[in-house]
4 protein chains.
Amino acid sequence: MSPETASVRGGRSRSVRTRERIVAAATAVFARRGLHGARVADIAEEAGIAYGLVYHHFRNKEEILAAIFQERWGRHLEYLEEVAASAAPVRDRLARLVHFWVENYRNDPHLMTVMINEISRSYEFIESHDVGTVMEAFAIVERMLRRAQDLGELRADLDCRLASYLVLGAAEMVLTGYVLGTLSHTAREDYAADERQLVAMLVDGICGT
Amino acid sequence: MSPETASVRGGRSRSVRTRERIVAAATAVFARRGLHGARVADIAEEAGIAYGLVYHHFRNKEEILAAIFQERWGRHLEYLEEVAASAAPVRDRLARLVHFWVENYRNDPHLMTVMINEISRSYEFIESHDVGTVMEAFAIVERMLRRAQDLGELRADLDCRLASYLVLGAAEMVLTGYVLGTLSHTAREDYAADERQLVAMLVDGICGT
Amino acid sequence: MSPETASVRGGRSRSVRTRERIVAAATAVFARRGLHGARVADIAEEAGIAYGLVYHHFRNKEEILAAIFQERWGRHLEYLEEVAASAAPVRDRLARLVHFWVENYRNDPHLMTVMINEISRSYEFIESHDVGTVMEAFAIVERMLRRAQDLGELRADLDCRLASYLVLGAAEMVLTGYVLGTLSHTAREDYAADERQLVAMLVDGICGT
Amino acid sequence: MSPETASVRGGRSRSVRTRERIVAAATAVFARRGLHGARVADIAEEAGIAYGLVYHHFRNKEEILAAIFQERWGRHLEYLEEVAASAAPVRDRLARLVHFWVENYRNDPHLMTVMINEISRSYEFIESHDVGTVMEAFAIVERMLRRAQDLGELRADLDCRLASYLVLGAAEMVLTGYVLGTLSHTAREDYAADERQLVAMLVDGICGT
DNA sequence: GATGAATGAGTCTTCATTCAT
DNA sequence: GATGAATGAAGACTCATTCAT
């Protein structure tokens, strides 16, 4: 096996793998301690690498968070867009969105914790980055609702902008409950029940049928 | 002049007034910079007092935030409790809650910004304080909904716990929109319209009548 | 004695005295190790104060050097200006300048070492500060020579600009010799002899009478 | 292809050429940023080679500067010695020295910048190397002057040691002016004029014939 | 109580140097 | 020899907190 073969083992250079280890380690540490509470030394230790190596890959701590954001938020938006654009009834599309968020939390709680606490809920992060990119999630949901409204699926006087805040606010708060442990479950079925309840409340309200 | 004489002047001692100036200054600075970004020096400057005087009144920076929390959150819960306990239909009670939150934001945006960003949205704060106290707001709303459910105002299979997350999540997200400026208004009427829309969506859902 | 009296004992506040101690300590440390070799910790230790206190008075290490520069260079230029403007023959005025430089070195070798090594001979310092201020010394000497030339004291075809480089270059190199110890003396008389020789060479050249 | 074959190509081995590229690159980078401001990475990039390869040729950064010094300063001294030893009148010999320095600057400003800023004007460099070697230039000029004095070309009471400081100080300051851009020219003729003026001032003084 | 000078631990950040490939 | 990822020591800088006046 030539050195070159070794260096691309698995199709990725050592440098790329190191970078990914840093991102993964930082996700865990940010989830545990928050951006401010996390020390670069913690991240390096978690990644099993030397202190200074972090700085070969990122200018500073904030840039690691920005990397997590860039690499994940984009995929998030793509999926939202895909669901929003589908032809299914709006109730089904909402169900798919809610399921996506809950599944994401269950698959990678650390990541979702960081997305919720340090990005989505962080005034500081949103301020210092492109507000537009963060708010794009709202815009996608709003467009989805507006199209449904045009098709008569939603009542005509609904303020779709505000409704997007309802949808994302409710979903985010439920995930926050999971993250904080105030609303956690162990059984898969419990999560499914939450999804059904949440969709029903969004679509028909708490009084509705 | 005895200390007592001084304390009688205007009904409050100088010490008490100083403490209040610190709390007010800290509220403004926390709103602007966040808990971590705020330096004690900034707070002292905003309050127009000397650096070290802050430490005659508070053990440390977090304690100032805790004071804001204790003094305001208590009143907040009292009002929630009062509304929740009233005999009005659940729709009206929800409307009063939503109006209360929006009005509070309009009266003191700095305070609401801190409540949202540093307390309600802060994993860190909630972790280090009594989670129960923060979550009490959810419990109050949940109890209110459960009573309405018992009275047949809400459908029987509604998960009231989850519904409280819907109500508070939606309200909090709308206020966050105000705070971030992504959903701000100038006219009083616009806020009133938001309130009506929000209540309608919560009660009847986005599809409902 | 009231606290106020104490705080201005000797006419200067504690803060001002601390600042002066830092400047004096930094001058000694810069002379010993150079700007880059000097650690802020060294300066604090030399001044007998805590590490962080340096940062209450100066933003960073470079700013201490800048303070030394500002506070001393100004006086230096004033004296040059005074001598340059006097009515004495140019030979006497040059003699006074040379004497001033040599005396300054003898009175405070540390300070002169810093002025020579870190300011006057430092490309880095000159680049990052106002070149004009540093070069003002040349301008003063040049104007002095030009006036002497107008009065017929100097030959008509002398390039006074270049002559100012001769005067300051020669003086600086002699002081550098003192600083480096390649041209040091112990007897006061030796310095006086150097002054006479230097003036004679500048005025009449190495071949002249 | 054997190593020897490779080393024969063009008369110099690849290793030697790499070393020269490093020295040339370092000269440019030192001129731009100074010894302290120059990072080894900058030098490697300028040389178009890999980071660590620098360390196959030099133990550390200072050693690169030392190499520049050794390889150039030696030739410099040789030329000074040659001129000093010639039989021409002292005025002509001084003129040749001055011309040599100015020409050197014009041919390779980067090199001269480094020689002036990092070697000749650097207390730090001189301290950490053989002061004697650096000062040899002064000794050569001093011996040249002393011989001229013995021949009656210079006045008997001239302090030749101090005169060497005059000559080298003046020359160095003029070159510094070129380097800093405070005394720069575009026309070749301007440099020639400077040389004539400088020699005249050194020989006959600023008042002299 | 009021002041703000003083303290120093905690971190970030840089970058020369090493070393496995 | 060549590469550049990895190391880690060194030191700058911040800022919450203490304390003498």
Side-chain angles (χ1 to χ4, degrees), chain A residues 1-7 13-19 36-44 47-62, chain B residues 3 6 13-15 18-19 36-44 49-62, chain C residues 1-7 9 13-19 36-44 47-62, chain D residues 3 6 13-15 18-19 36-44 49-63:
Chain A
M1 188 169 69
S2 75
E4 195 175 332
T5 308
S7 76
S13 72
R14 195 208 297 210
S15 178
V16 169
R17 270 180 288 128
T18 300
R19 191 193 146 94
H36 288 288
R39 285 165 300 183
V40 176
D42 295 334
I43 297 171
I49 60 169
Y51 200 103
L53 188 50
V54 173
Y55 288 91
H56 279 265
H57 294 274
F58 300 95
R59 219 189 308 283
N60 53 44
K61 206 165 58 164
E62 279 69 28
Chain B
S13 72
R14 192 188 196 185
S15 175
T18 300
R19 190 193 150 92
H36 286 287
R39 283 166 302 180
V40 176
D42 295 333
I43 296 170
I49 61 170
Y51 208 97
L53 187 51
V54 173
Y55 288 89
H56 283 273
H57 295 273
F58 299 94
R59 216 191 311 281
N60 55 46
K61 201 166 63 164
E62 278 70 28
Chain C
M1 189 170 71
S2 74
E4 196 176 330
T5 308
S7 76
R9 199 189 302 179
S13 72
R14 196 211 292 216
S15 179
V16 169
R17 270 180 287 129
T18 300
R19 190 193 149 95
H36 287 288
R39 284 166 301 182
V40 176
D42 295 334
I43 297 171
I49 59 169
Y51 196 104
L53 189 50
V54 173
Y55 288 90
H56 279 263
H57 294 274
F58 299 94
R59 220 188 309 282
N60 54 45
K61 207 165 59 165
E62 278 70 28
Chain D
S13 72
R14 190 189 198 188
S15 175
T18 300
R19 189 193 150 92
H36 286 287
R39 284 166 300 181
V40 176
D42 295 333
I43 297 170
I49 61 168
Y51 208 97
L53 187 51
V54 173
Y55 288 90
H56 284 273
H57 295 274
F58 299 95
R59 213 191 314 281
N60 53 44
K61 200 165 64 163
E62 278 70 27
E63 208 163 84

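Letters A, B, ... mirror the listed sequences (proteins, then strands); counts begin at 1.
The nearest pair of heavy atoms linking A:H57 to A:L53 is CD2-O, 3.4 Å. Taking all atoms of both residues into account, the shortest heavy-atom contact from B:A44 to B:Y51 is CB-CA, 4.0 Å.
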N/O-N/O pairs, protein side and nucleotides 17-19 of chain F side, under 3.5 Å:
unit_1 : atom_1 : unit_2 : atom_2 : d
F:dT17 : OP2    : B:Y55  : OH     : 3.2

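At least one side-chain nitrogen or oxygen of A:R39 sits closer than 4.0 Å to the OP1 or OP2 atom of E:dT11. Taking 4.0 angstrom as the limit, C:R14 places none of its side-chain polar atoms (N or O) nearer than this to OP1 or OP2 of F:dA20.
In terms of the salt bridge (Lys or Arg N to Asp or Glu O under 4.0 Å) criterion, residue partners of D:E63 (sequence neighbours excluded) are, by chain and number, D:R59. Taking B:V40 as the reference, B:V54, B:Y55, B:K61 meet the side-chain contact (heavy atoms from CB on, under 4.5 Å) condition, with sequence neighbours excluded. Remark: B:H36 pairs with A:H36, B:E124 by the side-chain contact (heavy atoms from CB on, under 4.5 Å) rule, at least two apart or across chains.
Each of C:H36 and D:T18 was assigned the nucleotide of DNA chain F with the nearest heavy atom; the assignment lying further toward the 5' end belongs to D:T18. When each of C:I49 and D:A41 is assigned the nucleotide of DNA chain E bearing its nearest heavy atom, the one mapping closer to the 5' terminus is C:I49. Comparing D:L53 and B:G37 by the nucleotide of DNA chain F that holds the closest heavy atom to each, the one mapping nearer the 5' end is D:L53.
Counting only residues at least two apart or on different chains, no salt bridge (charged side-chain N to carboxylate O under 4.0 Å, His left out) pair has a member in residues 48-57 of chain C.
Residue D:D42 contributes atom CG, which lies 9 Å from atom P of E:dC15 at whole-angstrom precision. In this structure, the NE2 atom of A:H57 is 15 Å from the P atom of E:dT14, given to the nearest Å. Rounded to an integer number of Å, the gap from B:R19 CZ to E:dG1 P is 11 Å. Spacing between atom CZ of C:F58 and atom P of F:dT14 amounts to 15 Å, rounded to whole angstrom units.
Across all strands, B:A44 comes closer than 4.0 Å to no nucleic acid atom at all (heavy-atom distances).
Rounding to the nearest 0.5 angstrom, the gap separating the NE2 atom in B:H56 from the CD1 atom in B:I49 is 9.5 Å.
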For DNA chain F, produce a single dot-bracket line, 5' to 3'. Pairs: Watson-Crick or G-U wobble, both distances under 3.5 Å. Symbols: ( ) within strand, [ ] crossing, | other strand, . unpaired.
.||||||||||||||||||||

